[in-house]
Amino acid sequence: MNVIVVDDYMQLSDTVAKIIAQRVQSKKDLVLGLATGSTPLGMYQELIHMSKNNRVNFGQVTTFNLDEYVGLSACDPQSYCRFMQEHFFDQIKVKRSFIPNGLAPNLAYECLLYESEIKRYGGIDLQILGIGRDGHIGFNEPGSACNSRTCVVQLDDITIRDNARFFNNDRSRVPRQALTMGIETILEARECLLIANGAHKADIVARALRGPVTESVPASLLRNHKSFTVVLDKAAAISLG
Ligand code: GLP
């Protein structure tokens, strides 16, 4: 595990964008796993900036997002599909982008399909991940099996509470279920990169990186990966000792 600690959110976004750009430069048809949430927003901004200045070209890159809410259409303002459109794909042209379809009539089939698309593109080269305050990665909540594949999951109360900020702070509007790449799907990526910023993440970051490797803290399972990098700002790293 390689842990990089930078001063602030701007440096974090810059560092992660540079790592991604470097991977795209060395493999034009990179298969890139993407994440949503507030943490990667600065990284997306920086990638857009780099692309507009011709410092990176995503034209041959294929992307796979980690997760999507069940029951939200692609154009729902709170769907991850719309989030990606707004914050990245509207301004960056990639070859093809995949996001699980939370409105698929048969969700179990949609999960199988997602897995087979990942396989068809040769697997994910680099997976970007945020971390939930309960240690979730994607939407794999505490207790998720380390051999789980893309599946339908129930969201924990803490996740519903945290994500209510995207739904006008109305918890009742947050979907109770989501589709997510499984832990094993994520660990099969050739490289994993976890990012976290802010003091509110310090405790879970310390549990994930210094505590036991356990399914109770899904992010800790990333330590079993042979190519795992963590980029933190100072505030998120404060409890690492
Ligand atoms: C959501 C996403 C996760 C993300 C997490 C953290 O629940 N499913 O993939 O890592 O939020 O979000 P934030 O970056 O806003 O703290």
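Every number for a ligand or one of its atoms is a count from 1 in the order of the listing.
At the shortest separation from atom 4 (C) of ligand 1 among protein heavy atoms lies T36 O, 3.9 Å. The nearest protein atom to atom 14 (O) of ligand 1, hydrogens excluded, is given as T39 OG1, 2.4 Å; this is a heavy-atom distance. With hydrogens left out, the protein atom closest to atom 12 (O) of ligand 1 is G37 CA, 3.9 Å, a heavy atom. The protein atom (non-hydrogen) at minimum distance from atom 6 (C) of ligand 1 is I131 O, 3.6 Å.
Between S38 and ligand 1, a contact under 3.5 Å exists for at least one N or O pair.
In this structure, G138 is part of the shell of residues with a heavy atom less than 4.0 angstrom from ligand 1. Residue R165 places a heavy atom less than 4.0 Å from ligand 1.
Under a 4.0 Å criterion applied to the non-hydrogen atoms of G130, ligand 1 contributes the atoms 10 (O). Residue-ligand proximity, F139 to ligand 1, at heavy-atom distances under 4.0 Å covers atoms 7 (O), 8 (N). Interface of D67 with ligand 1, defined as ligand atoms under 4.0 Å from a residue heavy atom, comprises 2 (C), 8 (N), 9 (O).
Ring geometry, F98 versus Y114: the interplanar angle exceeds 60°, so the pair is classed perpendicular (tilted spans 30 to 60°). Ring geometry, Y80 versus F83: the interplanar angle exceeds 60°, so the pair is classed perpendicular (tilted spans 30 to 60°).
Residue contacts with ligand 1, taken as heavy atom pairs separated by less than 4.0 Å, involve Y80 solely via side-chain atoms from C-beta onward.
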**OP:** Check the pair E188 / R149 against salt bridge (Lys or Arg N to Asp or Glu O under 4.0 Å), numbers first and verdict last.
**Re:** CA-CA 10 Å; E188 274 175 10; R149 312 293 310 189; 2.7 Å; yes
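With atom 11 (O) of ligand 1 as the reference point, the heavy atom nearest to it among E141, H136, K201 is part of H136.
With no hydrogens or angles considered, no side-chain donor-acceptor pair links Q60 and K27 at under 3.5 Å.
Taking each heavy atom of L72 and L103 in turn, the nearest pair found is O-CG, 3.8 Å.
Ring centroids of F167 and Y69 are separated by less than 6.0 Å, placing the two rings close together.
In summary, E68 and R82 do not engage in a salt bridge, as defined by a charged side-chain N under 4.0 Å from a carboxylate O.
Expressed to the nearest 0.5 Å, how far OG1 of T62 lies from CG of D125 amounts to 9.5 Å.
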